[in-house]
> 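The structure that follows is given in the form of structure tokens.
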Amino acid sequence: MKAQYQIIAKKLLVLLMIGAVVLAGCKKFLDVNKNPNNPDTASPTLLLPTVQAAVGQLVGNSFQLYGNIWAQYWTQNPTSSQYRSLEQYNVTNSNFDRPWLIAYRNALQNAQLIINSNTANSEHVKGMAYIMKAYTYQLVTDAFGDVPLTEALKGNEFGNPHYDTQQLVYDSIYNYIDLGLAAFNATNATSPGEQDILFGGDIDQWRAFANTLKLRAYLRLSQVDPAKAQAGIAALYATNPVFLTQDASIAYTTTGGNDNPLYNEMVGLGRTQNIVASGTAVQQFNRNNDPRVFKYYDPNISVGTNIPEDTIAYIPQGTYRANTLKRVSPPSALVGGRATDPLSATAPVKLISAAESYFLQAEAVNRGWASTGDVTSLFNQGITASFAATGIPGQAAAYIAAAPDAQLTGTPAEQLRLIITQKYYAMCGFQGFEAWTEWRRTGYPNFLVISAASIIGAGRMPLRFLYPNSEINTNLNFPGSIPVYEPVWWDK
């Protein structure tokens with residue numbers, strides 16, 4: 001994202017966070033179909049960045065923490081205790097009140113206000129709102145499963161919205177993307193300019209973002225409805241789509257509280273380093289002699305017994321009780337995970353990365369569902385984009401030539417395993433929720449382990465978020481609680 005949009009994004013984020021805290025303290029505001037501020041006449045251009053900032057807060061804070069811990073990039077620091085419940089898979093419904101509120105009240109409700117607006121020449125902004133609505137609904141349904149959709153976002157008409165099936169939500173996601181792409185064809189629309197904190201009003205980038213999101217959404221059906229996924233991808237490729245070649249991300253600054261959402265939380269927790277390197281991910285980086293490991297994590301800077309200073313020190317997932325005397329490396333400021341490094345404030349929140357875009361295309365070609373593209377070339381481009389994002393583009397070629405997991409050989413099934421595994425490496429620290437979601441969909445990478453601290457029973461791992469306590473208490477049509485180890489619809 002361009003630098004001139006950073007200050008705008010961060011000011012909005014601060015306001016969003018303040019609003020979320022205030023709303024979370026009052027149950028009457030937790031009904032997602034009531035808007036306490038009633039900004040029905042607000043300009044679509046002014047509402048757009050509030051939607052984007054809300055999504056940045058969602059992806060960059062709660063979804064980031066759960067995703068990076070459950071994807072086993074990070075684990076609980078043995079010398080602190082903030083996220084032990086995540087390692088134990090011992091989450092409660094109230095843990096998810098705030099992300100649900102941010103998704104529905106701040107992101108989806110304001111996106112709908114833009115879509116419903118009668119403001120002249122606002123078609124491009126409406127198109128952006130449709131794409132953000134699709135993106136947010138995919139986040140919400142991938143996290144929770146069935147969610148309110150057809151009776152949501154309608155003011156007081158439906159005070160207790162019914163939950164729609166995840167299959168219907170996905171059908172709606174494709175429809176919202178199509179509506180957004182169609183709106184971009186308007187010739188007399190006013191550009192939002194700098195108010196668009198993702199692409200600065202660049203419609204070509206928005207088209208690429210929408211197409212990449214659509215490809216991601218269809219591939220999510222690969223195990224549950226491959227025929228529909230194949231048909232949808234074939235139709236997408238028939239339009240000669242452009243896909244992202246740069247990160248779709250929100251940038252942040254170090255000033256005025258305008259910082260990365262995860263770092264902002266760490267500051268609020270007294271800059272305690274609660275998250276550290278997990279052996280699950282680090283051992284695989286080491287096995288591949290992957291230099292990105294020194295970008296995703298900080299080397300051990302205070303040498304302990306038999307731990308060299310230039311080593312990424314780790315513990316097995318969930319073993320915080322047994323390692324209270326061991327020094328462990330923290331995530332780096334590059335990914336926003338170093339509590340004591342102010343540069344964590346500037347870590348971007350990536351909605352879709354360029355690396356992910358290439359790996360999605362590689363998978364579509366690998367499955368025979370894409371009409372154009374070379375799987376090896378796309379695979380290598382994904383790796384190269386990841387190395388560029390970590391600041392070491394010159395080391396990508398040597399890695400591709402030598403790393404065991406970079407050799408795209410074997411059967412299509414083996415190649416698919418490598419594509420998803422490389423996507424996992426590329427998402428470390430930046431896209432934890434998406435990495436965990438892709439593991440749920442595909443079973444890759446196949447080296448994740450059950451946390452040593454788990455309390456949910458042998459052989460079980462977290463496969464969904466719990467419905468929030470606010471829905472249990474306020475929505476008369478709440479469908480009932482589902483345990484964290486029950487898979488969502490597309491997870492087969």
Side-chain angles (χ1 to χ4, degrees), residues 59 63-64 66-73 134-147 165-171 173-174 177 212-233 236 280-281 350-353 355-370 375 378-379 382 405 412-428 430-450 459-465 482 484-492:
V59 176
F63 280 52
Q64 179 77 319
Y66 281 86
N68 275 287
I69 290 176
W70 287 352
Q72 300 181 21
Y73 299 123
Y135 184 93
T136 306
Y137 261 119
Q138 187 181 36
L139 281 178
V140 172
T141 193
D142 285 352
F144 296 99
D146 297 350
V147 294
T165 66
Q166 194 169 23
Q167 183 175 5
L168 178 61
V169 176
Y170 259 84
D171 287 341
I173 289 168
Y174 308 131
I177 294 172
T212 309
L213 177 62
K214 196 172 191 179
L215 180 59
R216 177 206 271 186
Y218 272 120
L219 283 172
R220 200 75 92 220
L221 307 188
S222 63
Q223 306 306 114
V224 69
D225 195 346
K228 184 171 186 175
Q230 180 176 5
I233 291 171
L236 172 62
T280 301
K350 299 187 180 187
L351 306 191
I352 301 179
S353 65
E356 180 189 358
S357 173
Y358 288 120
F359 289 127
L360 289 169
Q361 295 171 67
E363 180 181 350
V365 175
N366 168 268
R367 292 183 181 276
W369 297 348
V375 65
L378 290 163
F379 177 77
D405 287 344
E414 175 59 16
Q415 290 183 7
L416 178 62
R417 180 188 70 82
L418 291 167
I419 290 166
I420 305 300
T421 300
Q422 280 295 338
K423 186 193 295 188
Y424 173 86
Y425 296 149
M427 289 180 169
C428 180
F430 287 116
Q431 294 180 272
F433 178 80
E434 188 63 22
W436 173 60
T437 297
E438 286 291 72
W439 169 78
R440 290 185 289 157
R441 173 176 74 95
T442 66
Y444 299 131
N446 58 5
F447 47 73
L448 299 194
V449 299
I450 296 174
R460 290 173 173 170
M461 296 175 75
L463 299 176
R464 65 164 66 231
F465 287 2
I482 302 175
V484 72
Y485 51 81
E486 287 292 329
V488 297
W489 166 68
W490 47 251
D491 179 1
K492 299 299 180 181

> List the residues meeting side-chain hydrogen bond (donor to acceptor under 3.5 Å, both in side chains) with Gln72, not counting sequence neighbours, and say none if there are none.
Thr280
> Of all residues at least two apart in sequence or in a different chain, which pass the salt bridge (Lys or Arg N to Asp or Glu O under 4.0 Å) check with Arg367?
Glu363
> Taking the side chain from Gln223 and the backbone from Thr442, do they hold a donor-acceptor pair closer than 3.5 Å?
no
> Is any NZ, NE, NH1 or NH2 atom of the basic residue among Glu356 and Lys350 found under 4.0 Å from an Asp or Glu carboxylate oxygen of the other?
no
> Closest heavy-atom contact between Pro462 and Trp439?
O-CZ3, 4.1 Å
> Ala362 and Val375: which non-hydrogen atoms are nearest, and at how many Å?
O-CG2, 3.5 Å
> Does any N or O in the side chain of Asn366 come within less than 3.5 Å of the main-chain N or O of Pro412, such that one atom is a donor and the other an acceptor?
yes
> Holding to side-chain contact (heavy atoms from CB on, under 4.5 Å), I want the full list of residues that pass it with Ile482, two or more places apart in sequence or in another chain.
Arg464, Tyr467, Glu486
> Looking only at non-hydrogen atoms, find the nearest pair between Tyr485 and Leu463 and report the distance.
O-CD1, 3.1 Å
> Under 4.5 Å between any side-chain heavy atoms of Arg441 and Leu219, yes or no?
yes
> Tyr135 versus Leu351: any side-chain heavy-atom pair under 4.5 Å?
yes
> Can you list the residues that meet the salt bridge (Lys or Arg N to Asp or Glu O under 4.0 Å) rule with Asp225, with sequence neighbours excluded?
none
> Check salt bridge (Lys or Arg N to Asp or Glu O under 4.0 Å) between Lys228 and all other residues, then give those that pass, not counting sequence neighbours.
Asp171
> Find out whether Phe63 and Phe465 are in side-chain contact, i.e. whether some heavy atom of one side chain is under 4.5 Å from a heavy atom of the other.
yes
> Tyr424 and ring-ring contact (aromatic ring centres under 6.0 Å, His included): which single residue from Phe447, Phe430, Phe359, Trp436 fits?
Phe447
> Which residues pass the side-chain contact (heavy atoms from CB on, under 4.5 Å) test with Tyr170, sequence neighbours left out?
Gln138, Thr141, Asp142, Gln166, Ile173, Tyr174, Ala217, Arg220, Leu221, Trp489, Trp490
